[in-house]
Amino acid sequence: MAAGTLDAGAARSQISTMTMRQNNWKLGAYCESYRRLVTMHHSAEDAMLFPHLRRV
């Protein structure tokens, strides 16, 4: 097994030690980060890409 990896049983044991609150916080933080990235991406398209495409 490669360094830094776990087999399925060990991974399951690690996951079971996490509380639901930690899992929800991590998921919420990930979703917020992704939402911010998508918002920036679409805002940049709206400001820079689509006006250029309209002109062309």
Backbone of A29 reached by a side-chain donor or acceptor of S33 within 3.5 Å: no

Distance, nearest 0.5 Å, that separates OG of S43 from CE of M48: 9.5 Å

Distance (rounded to the nearest 0.5 Å) between Y30 OH and R35 CZ: 14.0 Å

Gap between atom CG of L49 and atom NE2 of H42 - 0.5 Å precision: 11.5 Å

Set of side-chain contact (heavy atoms from CB on, under 4.5 Å) partners for F50, sequence neighbours left out: E45, D46, L53, R54

Neighbour count >12 (heavy atoms, 6.0 Å) for atom CZ, R12: no

R55: partners by side-chain contact (heavy atoms from CB on, under 4.5 Å), with sequence neighbours left out: P51, H52

Members besides L27 in its Ile/Leu/Val/Met/Phe/Trp/Tyr cluster (side-chain heavy atoms under 4.5 Å): none

